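In this text, all values refer to a predicted model and were calculated from it rather than measured experimentally. Just the heavy atoms: all of them, side chains too, but no hydrogens, waters or symmetry mates, feed the values below.
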Amino acid sequence: MDVRILGGLSVRENGVSITPTAAAPRQLLALLTASADQVVPVTVLTEELWPSGAPRGARAELQAHIAELRSLIAAALRGADPAEPATGWAERRTADAILVSQPGGYRLDTGGGAHDVWQFERAAGAGYRAMEAGDLARAALRLGEALALWRGEPYAGVAAGPRLRREIERLETSRLSVLDQWMEAQLGLGRHAELVSELSGLVARYRTNEPLHAHYMVALLRCGQHDEALTAYERLRVALKGESGMEPSARLRRLQRSVLAVRNTTGNEVRQLTVDRLPKPNYFRRAVRVSSQVPDFARPRG
């Protein structure tokens, strides 16, 4: 089985799509893929399909949706139309053995197939370990591989109930975490000029995301665009104030003061250092040290 949910739901068995077009069975399949190879209780499926309360006959309707999914799986196993009779090897791997009835629920058996969320999590984990080891090139590679698996919004085109919405939020949070670390690795490798345009779009989309704004400010600073970095901070401050009434974190405020210190220091040498000698940013693991003169990260190292 091949499962893809990072940008629309696509499930294939035997190379044939088993993704229904009707909304309810599509939603049901989506929730089963979110817990693939695990039993999903009937109560959870019912809550997803009828969040305001299951109507009379809900159990029969759920069973009808399960039957529809099994029909699509059976057709995929024989590579034929659902109306055609089953023949040959399809009997050895049946629809009932793929969408399994178990006490209290159902389990979607992937048969050891591919799932893009699992691939994303493996690549992300390798990237995080490389970051911890200080191997920025490998971290950038593996985290980039994880991000490349995303084709769009998770479960796009699926009517999401409460359970799926929580899963979508979890996946989006994971993606932003990977994106944050990928940006950090890229900046540590000196690729600030290449990131400015992408970061500009990201901070416009995630108007209150502090890690992305920190990376954007550092990239701008390294490119000598001090005023633009300060403008980015101010936009973040206004967005946070409007959304939650909060100010940027102490670390972002220290970063802003560092940008001011660099901007207010004259001389070609300091301007060059802001481009070439900034260390890799890690503002959300350690504080940025700030002095009343030129900050540490704008001084030559060694």
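Across Ala159 and Leu164, no two heavy atoms sit closer than the pair O-CD1, 4.4 Å. Scanning both residues, Pro25 and Glu68, for their nearest heavy atoms gives CG-OE1, 3.6 Å. The shortest non-hydrogen separation linking Leu187 to Ala219 is CD2-CB, 4.0 Å. Across Ala34 and Glu167, no two heavy atoms sit closer than the pair CB-CG, 4.1 Å. When all heavy atoms of Ala95 and Leu77 are compared, the closest pair comes out as N-CD1, 3.7 Å. Closest approach of Ala156 and Gly7 over heavy atoms only: CB-C, 4.4 Å.
No donor-acceptor pair under 3.5 Å is formed between the side chain of Ser71 and the backbone N or O of Ala67. Checking side-chain atoms of Gln27 against main-chain N and O of Glu48 turns up a donor-acceptor pair under 3.5 Å. Listed for the Asn14 side chain is a donor-acceptor partner under 3.5 Å among the backbone atoms of Ala76. A distance-only check finds no donor-acceptor pair linking the side chain of Arg26 to the backbone of Thr21 [under 3.5 Å]. A distance-only check finds no donor-acceptor pair linking the side chain of His213 to the backbone of Arg237 [under 3.5 Å]. Between the side chain of Arg142 and the main chain of Gly125, no donor-acceptor pair closer than 3.5 Å is present. For Thr231 (side chain) and Asp227 (main-chain N/O), a donor-acceptor pair under 3.5 Å exists by modelled atom type. Gln181 contributes no side-chain N or O that, together with a main-chain N or O of Gly127, makes up a donor-acceptor pair within less than 3.5 Å.
The distance from atom CD of Glu47 to atom OG of Ser52, rounded to the nearest 0.5 Å, is 10.5 Å. Here CD of Gln119 is found 6.5 Å from CG of Asp116. Values are rounded to the nearest 0.5 Å. From Leu171, atom CG reaches atom CH2 of Trp150 across 5.0 Å, with rounding to the nearest 0.5 Å. Leu199 CG to Tyr216 OH: the interatomic distance, rounded to the nearest 0.5 Å, is 8.0 Å. With rounding to the nearest 0.5 angstrom, the OG atom of Ser200 is 8.0 Å from the CG atom of Leu220. The structure places CG of Asp180 at 11.5 Å from CD of Glu210, a figure rounded to the nearest 0.5 Å.
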With side-chain contact (heavy atoms from CB on, under 4.5 Å) as the criterion, how do Met217 and Leu252 come out once you've worked through the C-alpha distance, each side chain's angles and the decisive distance to 0.1 Å?
CA-CA 10 Å; Met217 290 171 68; Leu252 261 292; 4.0 Å; yes

Please step through side-chain contact (heavy atoms from CB on, under 4.5 Å) for the pair His215 and Glu184, ending with a clear verdict.
CA-CA 7 Å; His215 295 320; Glu184 182 173 321; 3.9 Å; yes

Apply side-chain contact (heavy atoms from CB on, under 4.5 Å) to the pair Leu221 and Leu255, showing each step before the final yes or no.
CA-CA 11 Å; Leu221 180 57; Leu255 175 57; 5.5 Å; no

Would you check, one step at a time, whether the test side-chain contact (heavy atoms from CB on, under 4.5 Å) holds for Val259 with Tyr233?
CA-CA 10 Å; Val259 176; Tyr233 173 85; over 6 Å; no

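Contact of the His65 side chain with the Leu49 side chain is registered, since non-hydrogen atoms from C-beta on lie closer than 4.5 Å. At a threshold of 4.5 Å between non-hydrogen side-chain atoms, the residues Leu108 and Ile98 count as touching. No side-chain heavy atom of Glu153 sits under 4.5 Å from any side-chain heavy atom of Ile168. For the pair Asn209 and Val203, the minimum side-chain heavy-atom distance is 4.5 Å or more. For the pair Thr110/Trp118, a side-chain contact is recorded, criterion being any heavy-atom separation below 4.5 Å from C-beta on. Within the 4.5 Å cutoff, side-chain heavy atoms of Tyr155 are placed close to those of Ile5. Two residues are said to be in side-chain contact when any heavy atoms from C-beta on lie closer than 4.5 Å; Arg175 and Leu6 fail this criterion. Taking 4.5 Å as the limit, every side-chain heavy atom of Glu247 sits out of range of all side-chain heavy atoms of Leu240.
Counting non-hydrogen atoms of other residues, nucleotides and ligands closer than 6.0 Å to CZ of Arg107 gives a total above 12. Taking a 6.0 Å sphere around CZ of Arg138, one finds it holds 12 or fewer heavy atoms contributed by other residues, nucleotides or ligands. Counting heavy-atom neighbours within 6.0 Å of Arg151 CZ, excluding the residue itself, gives a total above 12.
Side-chain atoms of Thr19 and Arg4 form no donor-acceptor pair, as typed in the model, at a separation below 3.5 Å.
Leu141 and Met183 end up in different hydrophobic clusters when Ile, Leu, Val, Met, Phe, Trp and Tyr side chains are linked at under 4.5 Å. Hydrophobic clustering (side-chain heavy atoms under 4.5 Å, transitive across Ile, Leu, Val, Met, Phe, Trp, Tyr) keeps Val39 apart from Leu29. Linking ILVMFWY side-chain heavy atoms closer than 4.5 Å, directly or via other members, places Leu189 and Tyr128 in a single hydrophobic cluster. Transitive grouping of hydrophobic side chains (ILVMFWY, heavy atoms separated by less than 4.5 Å) brings Phe120 and Leu176 into a common cluster. One hydrophobic cluster, built from ILVMFWY side chains closer than 4.5 Å, cannot hold both Ile73 and Val100; they sit in different ones.
Partner of Met1 under the side-chain contact (heavy atoms from CB on, under 4.5 Å) criterion, chosen from Ile18, Asp37, Asp109: Ile18. Of the residues listed (Leu45, Leu31, Leu28, Val40), the one engaging Tyr106 in a side-chain contact (heavy atoms from CB on, under 4.5 Å) is Leu45, and it is the only one.
Between Arg170 and Glu121 a salt bridge is recorded (basic side-chain N to carboxylate O distance below 4.0 Å).
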